[in-house]
Amino acid sequence: MPCIWRGVVVFCFTALCAGAQTIINTESGPWTAALDGRWRWHAGEDMQWASAAFNDAGWSPLRVPGPLPPNRHYWVRLHFQIGRTSDPGLLLGPIAWAYDVFWDGERIGSFGDPSRLRWFVPRWQTYHLPTNLAMPGSHVVAIRVAQIGPGVALPTRQSRVYAGDNRVGDLAALYEAASARVRADFQPRLLNLLVDFGFFLAGIYFLLLPPSVSQGAAFRWFGIVLLGRAIVVMCEFYLNYGPLNLPGNSIVGLLWVGVWVSCLGTIEFSYAFFRRPVPFAVRCVAWLLATLAAPVPFPYSAITARLAVLLIPAVVTIAVAAVEVRKRTLDAGLTLVLFAVLGATALYNAVAIGIQVTHGISAPIAIDIGGFWLWSWDAMYLVWVPAMAMQIHKTNLRFRDERERLRGEMEAARQVQELLLPSRSIRAPGFEIEARYHPAAEVGGDFFQLFPAVSDSLLVVVGDVSGKGMKAGLLVSLIVGALRNRKSDEPRCVLTELNAVLLGSSEGGFTTCCCALFSAETVTIANAGHLAPYRNGEEVATPPGLPLGIDADAHWIETNIELQSRDRLLWVSDGVVEARNGKRDLLGFQRAQELATRSAAEIAQAAQQFGQEDDITVVSITRKSVQVHVA
Amino acid sequence: MEPQTQTKAKVERSGSLAILRFEGDVTSASKEAVLGTYDKLAPETKEILLDFSKVQYLNSSGIALVIQLLMEANKSGHKVQTFGLTPHFQKVFTMLGLTKYTSLHPNELAAKAASGG
């Protein structure tokens, strides 16, 4: 690095009329010197105050380091002397949300633009000085400051004048000094960043929990709360360290979206956790305040609404937990502690904002852990997230046990149904019987029964309970029981008996049923809305009949058909004709009829391959000879 | 198993005539669309037209809902005409004996004519 400026220049300047004048010592090599000491300030707006010739002797002194003036608009000025620099510059610390900076009356830069509502979180900015402006000698820096006023109690940098923050000197050295300041500012936030990244991942995890997880709604709301927190943290980092492309007021709008999501999510979570609906009034008030606190430019015109947005979850959370504990709906202890921590944190942050707004005093909202800061929200979530994860683990275990128990019960029900329905190897003298039954779930709503009846006849009952699953399966059990205790073999009487049984049990559903009594040479059929059987591949015309379980006065007309040796009657359930393929096309009556000459196994397989949606039942009865012999 | 499309129901009124237009699959999840819509019909309704022209599929639970609607309408003295069913479901409705409670028509014009509208 070329030698730019060597030697020592000591300027001892006695103020004549301008009051205190900062003395700048420079050393060999690239140098910077702090502009600490006595500045002067004056409230108001007057561009003449930028001038080097302006006499600021009557202005109030402003000690740096020290507190900043409370005013929204004011100027500060500083007189000082510098030695020679080859590449002069000025570093200003995080003094304001917007300002213009003048060097000997020349505007050399700005930060934000209050006239266009472009505000930025205060930060270190370095300004290049034209060499002709920064000649050795006396100079005046004047800064036209615009503050947004109190109200920013978020973990963003506050306006301040710390020792050594404002410097003059060689530009390269100023950049180095600024970097060192930013690094020192950033380091304590590393823990915060790490912890919040963990919360972000946890939020995604909670949000993506499968719907089957018990208390899934509560966990998903908690995930939303954590993601809201992630938005807040992301915005805070952008505000503090991001490029100055987007004005801070826009980012703060997004930041508050994160705050609202967290706060409103907390309300939803508190109720969902206890499996309670959020009262309409609570939700209305919360959302109303959220709307009032919609992103508005600085200054915070809706700060009270925002304050309320923080206060509401605090109050609601504590109230909900207290009510639930009083009801003894929980195994209290840990849950109460967790909710107390959540409520207390929300309350504390709300109070901190309140103090900031009303008194301009920043209440500490972070804990210092060995030089790293942990925000109170993060400390609270550090308790909550593992507790929630444990809760999920516990409920998952409980859910798994419950699922296993249900699976066992369904399997038991399936086995019972298998016992109730005839097996595949059914035998009846004089008939070749083939049947296939494929329920869509563990237990089905289709049924068929074969009863060798008096006078070498055979009674066949095929039916379908609307719906499927356990409820349909239980109705099938009822039907099978009723059939086994029937008083008559006459098809229309069988249907009437079943109708009487099902009338009070169908609960809005219905049961289709076709009854056929095979006797010497004829078959008598009565059909209650079931698919008509096929005789040798041709559909048998049966009169329409209402399904069972709908109308107490329903009656059914019997049809008699002849059945010769080797003739075959085939029943299929709607699971065959209404099998649907990937294009959502139905297998339909036409294809079903084309399949009707094939074996029961082939028909059932064809329907399954087409796309099973419902129980599939196929029953085929072929007369071996005219005479029926019952063993 | 293909996902079922949600049932939508829309009511169009013209004097004492109400047309219930259904859309999507009619299944067990269609209770509100089928029975809820029927229950909300104005008291002065006398004739009802059920439009299934935008319904591709009714499963047994969905048909059970239609049956309940027909039974309710029958009890209340409403005259129900049905149109727009695919040939497949026309056959199913006929097989189930629902023609005792509603006439099946190929289109809205025929259904309106039958209802005297």
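Each chain gets a letter, A, B and so on, in the order its sequence line appears, and its residues count up from 1.
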Among A:Leu531, A:Leu546, A:Val577, A:Asp464, residue most engaged with chain B (heavy-atom pairs, under 4.5 Å): A:Leu546

Non-hydrogen atoms of A:Arg580 and B:Asp25 that approach each other most closely: NH2-OD2, 3.6 Å

Reported CD-to-CG distance for the pair A:Glu578 and B:Asn59, which is rounded to 0.5 angstrom: 8.0 Å

Distance-minimising heavy-atom pair for A:Gly509 and B:Ala64: CA-CB, 4.0 Å

Heavy-atom side-chain proximity of A:Leu586 to B:Gln56 below 4.5 angstrom: no

Pairwise distance CD1(A:Ile550) to OH(B:Tyr101) - rounded to 0.5 angstrom: 7.5 Å

ring-ring contact (aromatic ring centres under 6.0 Å, His included) partners of A:Tyr534, counting only residues at least two apart: none

Contacts of residues 91-100 of chain B with chain A (heavy atom under 4.5 Å): B:Lys91, B:Val92, B:Thr94, B:Met95, B:Leu96, B:Gly97, B:Leu98, B:Lys100

Residue-level interface, residues 66-85 of chain B with chain A, non-hydrogen cut-off under 4.5 Å: B:Ile67, B:Gln68, B:Met71

Leading residue by heavy atom contact count with chain A [cutoff under 4.5 Å; candidates B:Leu65, B:Ile63, B:Thr86]: B:Ile63

Proximal to chain A - members of residues 33-47 of chain B, heavy-atom separation under 4.5 Å: none

More than 12 heavy atoms of other groups within 6.0 Å of B:Leu109 CG: no

Heavy-atom check, side chain of B:Ser60 versus side chain of A:Asp574, under 4.5 Å: yes

